[in-house]
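For reference, the structure discussed in these notes is given below.
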Amino acid sequence: MTALLSLHGVTAFYGAIQALKGVDLEVNEGEIVTLIGSNGAGKSTLMMTICGSPRARDGAIHYDGSEITQLPTFEIMRRGLAQAPEGRRIFPRMTVFENLLMGAHGRADKEAADEMEHVFTLFPRLKERIGQRGGTLSGGEQQMLAIGRALMSRPRLLLLDEPSLGLAPLVVRQIFNAIRELNRATGLTVLLVEQNAFQALRLAHRGYVLVNGAITMAGSGASLLARPEIRAAYLEGAH
């Protein structure tokens, strides 16, 4: 398989605090790869470092055969990456329609309209709420909107940061099913950061475990689910 995204020996700091410690990670084209770990392990920092903020201090990040380690964030995102960040970060005063248009990045009207219909097929609730302000949506609807906005640019790689955070189990299942369907139907490559290890490892083709900024374990989603140390640390009582 061809690696669409690869990190080799990546370190990153927040001030004097080292958040990532020599991370090696690969995401092959067409895969769903998940990164699990406890709160504060460095998962969101890794996502942001891929996008150029904070900048990797050591190591290299390659995307689609080219090094992107030192590129500015806007240039990285132009290359076919899209992110649904932790905390959703939708535009609360804008309608669902306006939020989705913000993700289209100046694409032609016809292309944007076609992509919006695809988003509505994936998340029918958004079509029902098309004229409603983002800030008045439920948490689950806001998460659907954040993912839908990211999809509007028709990315090759979707970065999802904690999509299940704070959501009811039924909504979590809906969102994970949508991610699975996206990958199955379109071949979209997904890097998923999650605290909900059970759902994430069930969904993913492969997974990595991040502990205190370092990768400690890697394998298929099924093999990681079966490991007793993973079950003890992340799964007991979690589902």
Side-chain angles (χ1 to χ4, degrees), residues 30-34 43-44 47-48 50-51 73-74 76-196 198-200 202-204:
E31 276 190 315
I32 300 174
V33 172
T34 190
K43 304 186 304 298
S44 292
M47 284 291 216
M48 297 305 295
I50 292 168
C51 298
T73 297
F74 74 89
I76 293 170
M77 306 315 281
R78 277 181 180 172
R79 295 183 175 223
L81 287 80
Q83 185 182 24
E86 182 183 9
R88 297 148 203 166
R89 299 185 197 173
I90 61 163
F91 299 102
R93 294 181 178 275
M94 290 185 178
T95 65
V96 166
F97 177 77
E98 291 165 339
N99 267 276
L100 291 174
L101 279 185
M102 291 297 289
H105 297 314
R107 298 175 66 195
D109 290 348
K110 178 66 166 64
E111 289 181 332
D114 289 346
E115 206 55 40
M116 196 173 294
E117 280 306 312
H118 179 232
V119 169
F120 290 152
T121 300
L122 200 63
F123 299 120
R125 185 69 61 83
L126 294 182
K127 190 166 189 175
E128 298 171 11
R129 303 283 192 267
I130 189 168
Q132 193 168 323
R133 287 190 179 187
T136 67
L137 301 177
S138 71
E141 290 164 349
Q142 289 187 17
Q143 186 61 71
M144 293 173 192
L145 182 56
I147 295 172
R149 184 180 62 191
L151 293 173
M152 286 294 293
S153 64
R154 197 175 291 178
R156 288 181 65 192
L157 174 62
L158 177 62
L159 307 175
L160 288 175
D161 194 350
E162 301 284 10
S164 76
L165 191 65
L167 302 183
L170 178 62
V171 179
V172 171
R173 282 196 294 274
Q174 290 174 341
I175 286 172
F176 276 72
N177 285 340
I179 297 165
R180 181 182 289 108
E181 176 59 22
L182 265 173
N183 173 259
R184 185 198 65 77
T186 70
L188 178 67
T189 306
V190 179
L191 177 58
L192 168 69
V193 158
E194 254 300 330
Q195 276 187 273
N196 188 331
F198 178 71
Q199 292 285 2
R202 285 184 65 198
L203 174 71

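Note that these values count all heavy atoms, side chains included, but never hydrogens, waters or copies made by symmetry.
With Gln199 contributing its side chain and Arg173 its backbone, the two residues share no donor-acceptor pair below 3.5 Å. Checking side-chain atoms of Glu115 against main-chain N and O of Met152 turns up no donor-acceptor pair under 3.5 Å. No donor-acceptor pair closer than 3.5 Å links the side chain of Thr34 to the backbone N or O of Ala200. The backbone N or O of Asn196 lies less than 3.5 Å from a partner atom in the side chain of Glu194, making a donor-acceptor pair.
Separation of atoms CZ (Arg149) and CE (Met116) is listed at 12.5 Å; rounding is to 0.5 Å. To the nearest 0.5 Å, the span separating CD on Glu141 from CD1 on Ile90 amounts to 10.0 Å. One distance of note links CG of Asp161 with CG of Leu192; it measures 9.0 Å at 0.5 Å rounding. To the nearest 0.5 angstrom, Ser153 atom OG is 11.5 Å from Gln83 atom CD. Taking OG1 from Thr136 and CD from Gln142, the interatomic distance works out to 8.0 Å, rounded to the nearest 0.5 Å. Residue Ile175 holds its CD1 atom at 5.0 Å from CD of Gln143, rounded to the nearest 0.5 Å.
Residues Leu182 and Val190 have side chains not in contact (no heavy-atom distance under 4.5 Å, counting atoms from C-beta outward). Using a 4.5 Å heavy-atom cutoff, the side chains of Ile50 and Leu159 are in contact. Two residues are said to be in side-chain contact when any heavy atoms from C-beta on lie closer than 4.5 Å; Arg133 and Met94 fail this criterion. Using a 4.5 Å heavy-atom cutoff, the side chains of Leu165 and Gln195 are in contact. Between Leu126 and Ile130, every side-chain heavy-atom pair lies at or beyond the 4.5 Å cut-off. Side chains of Ile147 and Leu160 form a contact here, defined as non-hydrogen atoms less than 4.5 Å apart. In this structure, His118 and Arg154 have side chains that are not in contact, with every pair of non-hydrogen atoms separated by 4.5 Å or more.
The residues Arg93 and Glu98 are annotated as not salt-bridged, no charged nitrogen and carboxylate oxygen being separated by less than 4.0 angstrom. Under a 4.0 Å N-O distance rule, the pair Glu117/Lys127 qualifies as a salt bridge.
The shortest non-hydrogen separation linking Phe123 to Ala178 is CE2-CB, 3.6 Å. The heavy-atom pair separating Ala146 from Ala84 by the smallest distance is O-CB, 3.9 Å. Of all heavy-atom pairs between Met77 and Ala82, the closest is CE-CA, 3.9 Å.
Thr95 and Gln132 share no side-chain donor-acceptor pair at under 3.5 Å. In this model, no donor atom of one side chain and acceptor atom of the other lie less than 3.5 Å apart for Arg180 and Asn183.
Taking a 6.0 Å sphere around CZ of Arg202, one finds it holds 12 or fewer heavy atoms contributed by other residues, nucleotides or ligands.
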Practice problem: Evaluate side-chain contact (heavy atoms from CB on, under 4.5 Å) for Arg156 paired with Thr189, printing each intermediate quantity in order. | Solution: CA-CA 6 Å; Arg156 288 181 65 192; Thr189 306; 6.0 Å; no

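Shown are Leu157, Leu191, Leu158; of these, the side-chain contact (heavy atoms from CB on, under 4.5 Å) with Leu81 is made only by Leu157.
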